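Here the structure comes first, spelled out in structure tokens, and everything after it is commentary.
Everything numeric here is computed off the predicted structure, so don't read it as measured data. Only heavy atoms go into these numbers, but all of them, side chains included; no hydrogens, no water, no symmetry mates. Residue numbering restarts at 1 for every chain, and letters A, B, ... go by the order of the sequence lines.
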Number of protein chains: 2
Amino acid sequence: MIINHERMNATEHSVKLRLENFKQVSREYKLPLTPQKVAIFRTLAESSSHPRVQEIYEHVKMEFPSISLATVYKNIKQFLALGLAFEIPMPDGPARYDAKLEIHSHAVDTADGSVYDLELAPTIHLPEIIMGKKVKQAHVLYYL
Amino acid sequence: MIINHERMNATEHSVKLRLENFKQVSREYKLPLTPQKVAIFRTLAESSSHPRVQEIYEHVKMEFPSISLATVYKNIKQFLALGLAFEIPMPDGPARYDAKLEIHSHAVDTADGSVYDLELAPTIHLPEIIMGKKVKQAHVLYYL
DNA sequence: CTCTATGCAAAATATTTGCAAGGGA
DNA sequence: TCCCTTGCAAATATTTTGCATAGAG
């Protein structure tokens, strides 16, 4: 297992890739790309701290002071449905979000609420089918 | 990987083991064993459907009509802190609970909200230490 | 007798919804 | 133009808290 400390933010390159994917998927589903929506996705893609909805809202508010919390909620839900983001449910308090595309796992430090990205070693392969259904999302959550 | 369909409830034997453990831990921490608390734990231990707080409340209410939802919340939180129960955070809606003692994983069917217990094959061993901290709880969550 | 638990009500959080107006493709 | 989106406010959950009383050990 490789642990990605990610003290720094996502690289510009990977942010660009995520944004391109986001735009492509939006076109595919004929969903309009509003500036607010792009700002919400970019905030998520640029962050490495697995922000809460509230934090995304506060960040986007700097650029769009009139944005509503409901808009952020609606967009995040849409990202999840489109497979553009992961949700990391937390044992206490609101969920955290992650725009990383590859399936990976998270370690949640319950002491301070920080979330670490983990890459599973390639020898650990998660099942793709369970109970005859395709695995849409897999999270390995460790509570420390 | 072995999938435990668990259409039936937990066996009487395993329920007895869980209840004994619960009572021993309570004595250890000098926490009074009230009838309500025992009923809440028993409800959890006997169920195999990973009930929500609300469902536990409704079940215990049959035996203790005056029980309060707050009491169920308080007790469930205490069980988590004592390691007597697992919490399974859900992508939508309230978390589910499980009194199973061994670390195992869960598959969440997002279509109907049902939760399956999974036993990880022994060849897949989860790390016990991450970032220098002991893993208190590990969940492998699959969203189907 | 002491300490935690219970039950009730109110408060605090968190998330969703309805709807009129705005805006992207 | 056609939908989807936005922003606001109100409505819904959901969970926590304070406090007086009850009860376990």
Side-chain polar contacts of residues 20-31 of chain A - donor-acceptor pairs under 3.5 angstrom, sequence neighbours left out - could you list them?
unit_1	atom_1	unit_2	atom_2	d
A:Gln24	NE2	A:Glu28	OE1	3.4
A:Ser26	OG	A:Phe22	O	2.9

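Side-chain N/O atoms of A:Gln78 include one lying less than 4.0 angstrom from OP1 or OP2 on D:dT5. Under 4.0 angstrom from either OP1 or OP2 of D:dT16 there lies no side-chain N or O belonging to B:Tyr73. One finds no side-chain N or O of A:Ser66 lying less than 4.0 angstrom from the OP1 or OP2 phosphate oxygen of D:dT6. Put simply, B:Lys77 has a side-chain N or O that comes within less than 4.0 Å of OP1 or OP2 on D:dT16.
Proximity of A:Phe86 to A:His50: side-chain heavy atoms (C-beta onward) are nowhere separated by under 4.5 Å. Using a 4.5 Å heavy-atom cutoff, the side chains of B:Leu69 and B:Gln54 are in contact. Using a 4.5 Å heavy-atom threshold, the side chains of A:Arg42 and A:Val60 count as separate. The closest side-chain heavy-atom distance from B:Leu80 to B:Tyr97 is below 4.5 Å.
Put simply, CD1 on A:Ile67 is 9 Å from C1' on D:dG7, counting in whole angstrom units. If you measure from atom CD of B:Gln36 to atom P of D:dA24, you get 8 Å, rounded to the nearest angstrom. Rounded to whole Å, the distance from CD1 on B:Ile56 to P on D:dT14 is 14 Å. Between the P atom of D:dT5 and the CZ atom of A:Phe41 lies a distance of 15 Å, rounded to the nearest Å. For B:Lys37 and D:dA24, the NZ to C1' distance is 10 Å, given to the nearest whole Å. Atoms CZ (B:Arg27) and P (D:dA24) sit 16 Å apart, rounded to a whole Å. For the pair B:Leu80 CG and D:dT15 C1', the interatomic distance rounds to 13 Å; values are reported in whole Å.
Relative to the axis of its first five pairs, the axis of the last five pairs of the helix from C:dC1-D:dG25 to C:dA25-D:dT1 sits at 50°, rounded to 10 degrees.
Residues in residues 66-77 of chain B take part in these side chain to side chain donor-acceptor pair (under 3.5 Å) pairs, two or more places apart or across chains: A:Asp92-B:Lys77. Each salt bridge (Lys or Arg N to Asp or Glu O under 4.0 Å) pair with one or both residues in residues 55-68 of chain A, not counting sequence neighbours, appears once here: A:Arg52-A:Glu55.
If you find the closest nucleotide of DNA chain D to B:Val53 and to B:Leu31, the one lying nearer the 5' end belongs to B:Val53. Each of B:Phe64 and A:Lys74 lies near DNA chain C, and the nucleotide nearest B:Phe64 is the one positioned closer to the 5' end.
Residues satisfying the side chain to side chain donor-acceptor pair (under 3.5 Å) criterion with A:Gln36, sequence neighbours excluded, are absent altogether.
In this structure, B:Thr71 reaches the bases: a heavy-atom distance under 4.0 Å links it to at least one base atom across the strands shown. Within 4.0 Å (heavy atoms only), A:Lys30 reaches no atom of the nucleic acid at all.
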Apply side chain to side chain contact (heavy atoms under 4.5 Å, CB included) to residues B:Lys37 and B:Phe79 and explain how you reach the verdict. CA-CA 10 Å; B:Lys37 181 181 286 199; B:Phe79 297 162; 4.1 Å; yes
Could you walk me through whether B:Ile40 and B:Leu44 satisfy the side chain to side chain contact (heavy atoms under 4.5 Å, CB included) test, starting with their C-alpha distance in whole Å, then the side-chain angles of each, then the deciding distance to 0.1 Å, before giving a yes or no? CA-CA 6 Å; B:Ile40 291 166; B:Leu44 195 56; 5.9 Å; no
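Here chain A contacts DNA chain C (any atom closer than 4.0 Å to a heavy atom, that is under 4.0 Å), and the contacts span C:dA14 to C:dA25 from 5' to 3'.
The side chain of B:Leu33 has D:dG25 as its nearest neighbour among D:dT6, D:dG25, D:dA9.
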